[in-house]
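Indexing begins at 1, ligand by ligand and atom by atom, following the structure's order. As the structure is a prediction and not an experimental result, all values here were calculated from the model.
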Amino acid sequence: KEKVEITKEQQALVKVVVEAYNRHQIPQDVAKKLLQDQYSAEENFLLLTEMATSQVQVLVEFTKNIPGFLSLDREDQIALLKGSAVEAMFLRSAQVFSKKMPNGHTEVLEERIRKSGISEEFMTPMFNFYKSIGELHMVEEEQALLTTITILTPDRPYVKDQQAVERLQETILDVLRKMCVLQHPQDPQYFARLLGRLTELRTLSHYHAEMLTSWRVNDHKFTPLLCEIWDVQ
Ligand SMILES: O=C(Nc1ccccc1)[C@H](C1CCCCC1)n1c(-c2ccc(Cl)cc2)nc2cc(F)c(F)cc21
């Protein structure tokens, strides 16, 4: 049985990534707001566009802490951010949704999201994904590293030097694999299941533009940054 060991530099890498990851708390605040009050579809749409806009800004800050990211070609850095922003938002939403909350809070949160203005057809795929993330009971290191792996996806549109991205992603995959073995010794398939969620995440993210344009509001106004990042307007 191979002895799995996380090296000193891998520990340092995880520490940097987790600390950077914990700095972006936005959706926690959204969850709190949603639990406090019931908002109209207009208010929810505005809340989402504001939150999603600041999430992109926070994502840029987060990537600066991914070892090696700033050494990538500048245009490739933009392509990776552009290509992963929506997935990172849904992954973050899923992680907030699956956080342990006092009794009944998750049900209220789910209800508020169901009534937020998103059209019915997207509810099932969205909540199926949120619940499948919840079932994994990820620790925060796994959450941070999974988000990092999503950002470092080599085959995003317009990435020129895919090998350079692949090398960075492999570094993160290696430490995540070891962490999963150490964290979930009873479940040898855990790492594979974790990566399998990224496929579900990509599928859900395909709907994002429709989810926004079909939001039950009269006027769908987006910020310039969201028009850049999300395929809207
Ligand atoms: O804000 C959000 N997500 C966010 C995440 C990361 C960073 C910034 C924002 C929105 C809310 C939803 C209800 C109306 C207000 C915005 N949000 C979503 C969500 C995002 C995009 C689309 Cl198209 C559909 C749903 N799923 C959520 C799960 C949660 F537990 C949750 F708490 C907030 C959630």
For Q55 and R92, what are the C-alpha separation, side-chain angles and deciding distance, and is it a side-chain hydrogen bond (donor to acceptor under 3.5 Å, both in side chains)? CA-CA 10 Å; Q55 188 250 348; R92 193 75 182 111; over 6 Å; no
Can a donor-acceptor pair be found between the side chains of S132 and E200 at a distance below 3.5 Å? yes
Students often mix this up, so state it plainly: with edges at 30° and 60°, are the rings of Y190 and H184 parallel, tilted or perpendicular? parallel
Do T203 and F129 touch side chain to side chain, with heavy atoms closer than 4.5 Å? no
Identify whether the distance between the nearest side-chain nitrogen and carboxylate oxygen of R23 and E19 falls below 4.0 Å. no
Check ligand 1 for close polar pairs with the protein: N or O on both sides, less than 3.5 Å.
residue	atom	partner	partner atom	Å
ligand 1	3 (N)	S93	OG	3.2
ligand 1	26 (N)	Y130	OH	2.7

Are L72 and L168 side-chain neighbours, meaning at least one heavy-atom pair lies under 4.5 Å? yes
